[in-house]
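The figures that follow rest on heavy atoms only: side chains count, while hydrogens, waters and symmetry mates do not. Because the structure is a prediction, the values reported are computed rather than measured.
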Amino acid sequence: MSDFPDDIPFFGEPDVPATPTPQAGPKAGIAARAMQARNQQRGEPDYLQGLNPEQRQAVETTEGPVLVLAGAGTGKTRVLTTRIAHIIQQNLAFPSQILAVTFTNKAAREMKERIGHLVGGAVEGMPWLGTFHSIGVKILRRHAELAGLRSDFTILDTDDVIRLLKQLIQAEGLDDKRWTPRSFSMMIDGWKNKGYGPSDISEGDARAFANGKGRELYHAYQERLKTLNACDFGDLLLHPIRIFRNYPDILREYHAKFRYILVDEYQDTNTAQYMWLRLLAQRPSTQSSPAQTKNTPNATDWSPEPMRGPHGASERSELGVSAKINICCVGDDDQSIYGWRGAEVDNILRFDKDFPGATIIRLERNYRSTPHILGAASYLIAHNEGRFGKTLLAQAASEDDEKVHVHAAWDSEEEARAVGEEIEQAQRQGHLLNDIAILVRASFQMREFEDRFVTLGLNYRVIGGPRFYERQEIRDAMAYFRVVAQPADDLAFERIVNTPKRGLGEASLRLVHDYARARNIPMLLAAEDLIATEELKPKARSALREVVENFQRWQGLIDNKSHTELAEIILDESGYTAMWQNDRSAEAPGRLENLKELIRSMEDYESLRGFLEHVALVMDTEKNENMDAVNIMTLHSAKGLEFKTVFLPGWEEGLFPHQRALDEGGRSGLEEERRLAYVGVTRAKKNLHIWFVSNRRIHGMWQTTIPSRFLEELPEEHVDIAESDSSYGGGYGQSRFDNVGRGDPFANSYSTPGWQRAQQNRSDATRNNWGSRSGSNVERIGYGEADSGFGAGRGSVKGKVIDGELVAKSVSSTASAFKVGDRVFHMKFGNGNVASIDGNKLTIDFDHAGQKRVIDSFVSPV
DNA sequence: CTCAACTTACTTTTT
DNA sequence: GTAAGTTGAG
């Protein structure tokens, strides 16, 4: 992912608010225009302006392999986008001849936008800028038949895959408790990350699942995908790799096509992505004559086997790729935090061996953080072995720079309370909440903060987590659409055939399934056949007939109705909408609202098919981030972002570093955790607060915890241990945690002044803060299930609910706009009447959910 | 076939 | 502690 807001002030040009480059449009200032003119006279393109020498070198070294090691906050995305702009403006290639890959859609979107700014609107997008997967689909659609698929293949999501695997495991007569579909899907994922097809699975690996049936099952799975005309995410990379290997002619086409290859976040590439890149990169220069092509090693030399050794570099470098490879990879080995999902830090560490003669450029001037923060980060990460080694150079220190604060709290509740207080104080001093982030190691930590912020009425947003398209109702609706658009989509069919309940249970479904399997036809067709027979029970038969007839009718409407209209008809006539309307549960109204939102978002696409493709690949929707709110997210999802003030709670052994990372990953696991800590620390621009608590509830059990070893790895001169607001300061400040961990360091914490003060503070806080401000407004960016029970019915905020992102966004600081008796709608509780009003808090009699107390910004008039 | 009670497991997350 | 998934009764 890209370093999001890194339109950083240029080095030596202190904190100027990020201004667009002079070229950015008519708004550019006179001075900027003058400078532009001057530079153009010198023949220097204005987009190069303000780049530091290293950045500039990275942009201008367009030929040959280049590795840009970009430390945190050094302008990575800027380099990447400027480089592309440079290639285009120097006429080195057309936009369509540049392959640029990212990991996330967000990063791709952002890059497109920024390139657009740099080169002006002249260039119509970049067709080959996208995620590995979206580019993979594009390639695979063109050559689907070579992978045994039709070009309209479906892309399965994790849900579909697991259901499919469950069937296969059961069909194999295995106990799906002992051998869970979930774990097998992860295993397959792992294999695919390494580029292994079923035949590449070693004996040992095959034995790891279901007593050696792993390989067989994997094979069966792939076969099943073929008959379903479907692929999983891994296939989007593996199929192209296989096609490139087996059809050199096709590979050559792509070689001729892509003159420049750029890769973002190279440290996150897995082996499959690496192979994919190597295949595309390893080629004669695009201007080469056919004669030269013969000298190039055959692409099929590239098999996954050389990957096996711990250091397969020698085999790789023997490829002797003599022709120029204009590949530029940008990354930071210190920010590799996705090893657990197959990323190979090794890819970046041996870049120069893979691409002999590579230019390696280090970006070490950090424009983001204060020297204290940078000092802490550098000292911490230095504890890792096996890094490239970079020294981040800080900007000049400023008078009011604060050291990194380390705080202690008695338990997680107090931690949340104190953080909340600190944020409120910052807010009073005029800080924007948007500039503040709380970065947690694990998502369960978020809850405590949410609870607290709800009582404080502090706006916050949660970033990450289950997304819109992963919600049950959205998936169900999508399944209907999929069956209509692609009648062969059995998984979609199975998902909704009995949703809403139609009395088509396991038995009937099994019959349809077996019939379809036996004849190798889609289940929808099988169902069609079966309703003509006597095989099904009369009840099931008529239910199934209705389903089949419905789908036939809807399919007939594809060309006559607009796809949004059709979607409405489908949801309506299938009884799906009615199912939720009749649902008495509290979240039903929210789900209906989500369905409306789904239809609304379909309007942005031309056809049903186009929409389905979008959803399969881009599992996020853009969300309004217009309100001022504290950001809460995991450390993982914070990569690439930056905030003025960052809170890092939960620095305790077992949580961070996470126990499981230590157990399963050993030393490298610990190092990855340390990199995660490094990522967290380097997100902060000005203020960084690290917290640890002495008691935390894990799996519902209170546990005494000890401070994270990472705390000891922070340099004394940049850290300030804040005792004052701690409930258990005594002694720890001085010893810098050195004696922590043995014995029971917290035994007498209850009696320390700090603890008593904390108790005092706690009750004060609840008294003073409660009701003293307008309702907190919450938005969940891409956050799921409209309920999750967060905040509901705890403490004095009974009924306060954090909802999906469809929550009304209005922040009313004035007295409530509602009056007793008003009819209102609430995202979670549905419709109801206002029973009484207390400031901005309403007591509402809900039709289905009973009486609840809610904050007015969460309801809207009906 | 459906629903309710019980059991069980539990980082991180993109596509 | 909680959410999801499975088992057993109606």
Side-chain angles (χ1 to χ4, degrees), chain A residues 1 101-108 130-137 155-158 161-162 166 176-177 180-183 186 189 192-193 231-237 265 268-270 272-273 337-343 439-448 463-467 469-470 472 498 500-509 537 539-540 543 613-620 633-640 650 654-665 669 672-673 675-677 679-680 696-702 782 784-785 787-790 792 794:
Chain A
M1 205 203 297
V101 277
T102 63
F103 277 83
T104 65
N105 291 300
K106 192 178 159 217
T131 61
F132 277 100
H133 296 268
S134 65
I135 290 169
V137 192
I155 301 159
L156 302 184
D157 61 32
T158 334
V161 169
I162 286 177
K166 189 170 181 177
D176 63 352
K177 285 282 214 10
T180 66
R182 238 185 91 79
S183 64
M186 293 197 310
D189 246 21
K192 290 193 171 178
N193 284 157
C231 23
D232 61 18
F233 284 120
D235 288 341
L236 298 179
L237 283 169
E265 303 283 16
D268 287 339
T269 47
N270 61 38
Q273 287 158 339
I337 54 176
Y338 286 109
W340 52 275
R341 68 179 197 210
L439 311 180
V440 298
R441 172 67 245 264
S443 41
F444 72 82
Q445 291 173 263
M446 293 180 181
R447 194 207 170 111
E448 216 109 27
I463 296 173
R467 274 158 290 283
Y469 291 114
E470 284 170 8
Q472 184 194 334
N498 197 32
K501 302 265 187 291
R502 303 186 170 97
L504 289 166
E506 213 183 318
S508 321
L509 209 56
K537 294 207 184 78
K539 232 198 223 153
E613 170 103 355
H614 161 83
V615 175
L617 284 173
V618 185
M619 293 290 279
D620 61 2
M633 69 193 91
T634 63
L635 285 161
H636 283 91
S637 40
K639 187 157 77 140
L655 177 59
F656 194 34
H658 199 280
Q659 194 54 50
R660 202 136 145 192
L662 301 179
D663 292 347
E664 290 169 15
E672 183 155 314
E673 294 287 291
R675 290 194 291 269
L676 198 50
V679 167
R696 190 175 289 278
R697 197 164 48 196
I698 296 166
H699 302 333
M701 303 257 279
W702 280 101
E785 290 306 308
D787 53 89
S788 0
F790 278 114
R794 243 188 320 279

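Here the straight-line distance linking atom CG of A/L439 with atom CD1 of A/I463 works out to 9.5 Å at 0.5 Å rounding. How far CZ of A/F656 is from NE2 of A/H658: 11.0 Å, rounded to the nearest 0.5 Å. We find the CG-CZ distance between A/L236 and A/F132 to be 13.0 Å, quoted to the nearest 0.5 Å.
If you check every strand for non-hydrogen atoms under 4.0 Å, A/K166 touches sugar and phosphate atoms only. A/R441 comes within 4.0 angstrom of a nucleotide base, judged by non-hydrogen atoms across all strands. A/K539 comes within contact range of no nucleotide atom at all, as no heavy-atom separation falls under 4.0 Å. Contacts of A/E506 with the nucleic acid, taken as non-hydrogen atoms under 4.0 Å apart, involve only primed sugar atoms and P, OP1 or OP2. A/L504 comes within 4.0 angstrom of the backbone, heavy atoms only, and of no base. Counting non-hydrogen atoms under 4.0 angstrom, A/A507 reaches the backbone sugars and phosphates but no base.
Nucleotide C/dA9 is matched to B/dT2 when pairs are restricted to Watson-Crick or G-U wobble geometry with both distances under 3.5 angstrom. Taking a pair to require two hydrogen-bonding distances under 3.5 Å in either a Watson-Crick or a G-U wobble arrangement, B/dT12 remains unpaired.
Between A/H699 and B/dC10, a base-stacking contact is recorded: ring centres under 5.5 Å apart, planes less than 30° from parallel. Here A/H636 does not pack flat against the base of B/dT12, since the 5.5 angstrom centre distance and 30 degree tilt limits are not both met. A distance cut-off of 5.5 Å between ring centres, combined with a plane angle under 30°, places A/W340 in a stacking arrangement with the base of B/dT12.
Looking at A/N270, its side chain never comes within 3.5 Å of a backbone N or O of A/Y338 through a donor-acceptor pair. Listed for the A/H636 side chain is a donor-acceptor partner under 3.5 Å among the backbone atoms of A/I337. Between the side chain of A/Q445 and the backbone N or O of A/A442 there is at least one donor-acceptor pair closer than 3.5 Å.
Nearest-nucleotide assignment on DNA chain B puts the 5′-proximal partner with A/S508, out of A/S508 and A/H133. Residue A/L509 is the one, among A/G234 and A/L509, whose nearest nucleotide of DNA chain B lies closer to the 5' end (criterion: closest heavy atom).
A/F233 and A/H133 have perpendicular rings, their planes meeting at more than 60° on a 0 to 90° scale where under 30° would count as parallel.
Atom CG in A/L439 sits about 15 Å away from atom P in B/dT12, given to the nearest Å. In this structure, CG of A/D663 is placed 12 Å from C1' of B/dT11, rounded to the nearest angstrom. Atom CD of A/E673 and atom C1' of B/dT11 are 8 Å apart (whole Å). Between A/M186 atom CE and B/dT12 atom P the separation is 13 Å, expressed in whole Å. Computed from coordinates, the A/F103 CZ to B/dT13 P distance equals 16 Å when rounded to whole Å. Atoms CZ (A/F132) and P (B/dT15) sit 13 Å apart, rounded to a whole Å. The distance between atom CE of A/M701 and atom P of B/dC10, rounded to the nearest whole Å, is 16 Å. Look at NZ on A/K177: it is 13 Å from C1' on C/dA4, rounded to the nearest Å.
Within the 4.0 Å cut-off from OP1 or OP2 of B/dT2, at least one side-chain nitrogen or oxygen of A/N498 is found. Of the side-chain N and O atoms in A/T634, one or more sit less than 4.0 angstrom from OP1 or OP2 of B/dT13. One finds no side-chain N or O of A/S134 lying less than 4.0 angstrom from the OP1 or OP2 phosphate oxygen of B/dT15. Taking only side-chain nitrogens and oxygens, A/R182 never comes nearer than 4.0 Å to OP1 or OP2 of C/dG5. The side chain of A/T131 places no N or O atom within less than 4.0 Å of a non-bridging phosphate oxygen (OP1 or OP2) of B/dT14. Using a 4.0 Å cut-off, no side-chain N or O of A/K639 falls inside it from OP1 or OP2 of B/dT14.
The side chain of A/R341 approaches B/dT14 more closely than any other nucleotide in the set B/dT15, B/dT14, B/dC10. Nearest to the side-chain atoms of A/R447 among the listed nucleotides C/dT2, B/dT11, B/dT15 stands C/dT2. Distance from the side chain of A/H658 is smallest to B/dT11 among B/dT11, B/dC3, B/dT15. Listed nucleotides: B/dT13, B/dT11, B/dT15. Nearest to the side chain of A/S637: B/dT13.
B/dT11 has its base syn relative to the sugar, with a glycosidic angle deviating from 0 by at most 90°.
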